[in-house]
Asks: 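Have a look at this one before I ask anything.
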Amino acid sequence: MERAMDCMVRMTGPGGVERLEVLPCAPQEPGPGEIRIRHDAIGVNFLDIYHRTGLYPLPGLPAVLGVEGAGVVEAVGPGVAALAPGQRVAYCGAPVGAYAATRLLPAARAVPLPEGIAARLAAAAMLRGLTAHMLLTRVHPVGPDTTLLVLAAAGGLGALLVRWASRLGARVIGTVGSPAKAALAERAGAGAVIVGRDVDLPAEVAALTGGRGVDFAVDGVGGAGLLKVLGCVRPFGTVANVGQAAGPVPPLRIEQIGSRRLSRPSVMAYSADPEAYPAAAAALFAALREGIVPEIGAEYPLAEAARAQADLEAGRTVGSLLLIP
């Protein structure tokens, strides 16, 4: 049976999902230090939406979106010795270009995929897994003495954070928008779940922590709600803002931060570190083997990337989303 024509999804300019176009693409020959990967699965992330809307502008347009995928090496360019055709690999981070059946990738970005870890699982886990590793080990090391607040605890990153932090012994409080999502967060290991977008979050957290507040809060929602998150954290605790699904964070006065630490850590910067990237990927693969796995909420054909982004943007999904070429 002939293989269906390969395609890619390209962004023509900043705007809505109508700015995404599906085009045929032919495999390209890798240059020095590059490989060509044929994707088995591609991760869909809010970062892709930020690129599409122009919140994080891309340097050249039109551009193929996507920063995460897994598949098989089809060809290697001159100077590539560590990888070979037929090898299974996964990757995340820059450069963008994952929304395609095949793509060229700097060989240093490709991490060999251990036996027993499926490509779909790796594609769903790489970017979120490295984000979780960065947050739980670098931004605020988490252990049995930690109380952690995770916003959007049923989302792709949120649910993985809950699982990993729970395995580290932390007490996790999650926030979700509906009772159905609360059940997912509880299955992931959240010890308490706060339901609703309009709740008095600091008061709810105070009631759950005896008035102390949490040690660490991870905010993937952003918008004006970051100020509420700051009110949930104890003095000298940490707040990490890693997303803005609710919109940009408005300016804060220094006194609103007070004695807390406020961080805006970048997983793209973390994955660009040549020492941190392979070490974090190895830690992630170990976590996956231990059962700390992301929830795959939905899979879409690659040609339906616009629908996948629209569903993610509208909050109609849970867990991680994949595109399948």
Asks: Mind checking whether His39 and Tyr91 have parallel, tilted or perpendicular rings, split at 30° and 60°?
Replies: tilted
Asks: What pairs meet the salt bridge (Lys or Arg N to Asp or Glu O under 4.0 Å) rule with one or both residues in residues 84-108, with sequence neighbours excluded?
Replies: none
Asks: According to a hydrophobic-cluster definition based on side-chain heavy atoms being under 4.5 Å apart (Ile, Leu, Val, Met, Phe, Trp, Tyr only), do Leu226 and Val218 belong together?
Replies: no
Asks: Is a donor from one side chain sitting under 3.5 angstrom from an acceptor on the other, for Asn45 and Tyr50?
Replies: no
Asks: Return yes when atom CD of Glu290 has more than 12 non-hydrogen atoms of other residues, nucleotides or ligands closer than 6.0 Å, and no otherwise.
Replies: yes
Asks: Do Leu284 and Val162 belong together in a cluster built from hydrophobic side chains that touch within less than 4.5 Å?
Replies: yes
Asks: Check Ser271 against Leu130 and note the closest heavy-atom contact, atom names and distance.
Replies: CB-CD2, 4.0 Å
Asks: Answer whether the closest heavy-atom distance between the side chains of Phe285 and Val111 falls below 4.5 Å.
Replies: yes
Asks: Would you name the heavy atoms of Arg163 and Glu295 that are closest together and state the gap between them?
Replies: NH2-OE1, 3.2 Å
Asks: For residues 251-260, which residue pairs qualify under salt bridge (Lys or Arg N to Asp or Glu O under 4.0 Å), counting only residues two or more places apart or in two chains?
Replies: Arg253-Glu255
Asks: If I compare all heavy atoms of Tyr270 with all of Ala280, which pair ends up nearest, and what's the gap?
Replies: CE2-CB, 3.9 Å
Asks: Would Arg52 and Leu58 satisfy side chain to side chain contact (heavy atoms under 4.5 Å, CB included), going step by step from the backbone distance to the final call?
Replies: CA-CA 9 Å; Arg52 190 201 74 223; Leu58 293 174; over 6 Å; no
Asks: Please determine whether a side-chain nitrogen of the Lys or Arg among Asp40 and Arg120 lies less than 4.0 Å from a carboxylate oxygen of the Asp or Glu.
Replies: no
Asks: Between Leu61 and Thr12, is the side chain to side chain contact (heavy atoms under 4.5 Å, CB included) condition met? List the steps.
Replies: CA-CA 6 Å; Leu61 295 173; Thr12 59; over 6 Å; no
Asks: Counting only heavy atoms not in Arg167 (residues, nucleotides, ligands), do more than 12 fall under 6.0 Å from its CZ?
Replies: yes
Asks: If two hydrophobic side chains count as joined below 4.5 Å and joins carry through other members, does Ile324 share a cluster with Val9?
Replies: no
Asks: Count the heavy atoms belonging to other residues, nucleotides or ligands that lie under 6.0 Å from CZ of Arg197, then report whether that count exceeds 12.
Replies: no
Asks: Does the side chain of Leu83 come within less than 4.5 Å of Val89's, by heavy atoms?
Replies: yes
Asks: Looking at Ser166 and Ala188, what are the two nearest heavy atoms and their distance?
Replies: OG-O, 4.3 Å
Asks: Which heavy atom of Asp48 sits nearest to which heavy atom of Gly66, and what is that distance?
Replies: OD1-CA, 3.7 Å
Asks: Would you call the rings of Tyr56 and His51 parallel, tilted or perpendicular, taking 30° and 60° as the class edges?
Replies: perpendicular
Asks: Under a 4.5 Å side-chain heavy-atom rule over Ile, Leu, Val, Met, Phe, Trp and Tyr, are Phe46 and Met268 clustered together?
Replies: yes
Asks: Could you check whether Asp6 pairs with Arg38 (Lys NZ or Arg NE/NH1/NH2 to Asp/Glu carboxylate O, under 4.0 Å)?
Replies: yes
Asks: Do other residues, nucleotides or ligands put more than 12 heavy atoms under 6.0 Å from the CD atom of Glu18?
Replies: yes
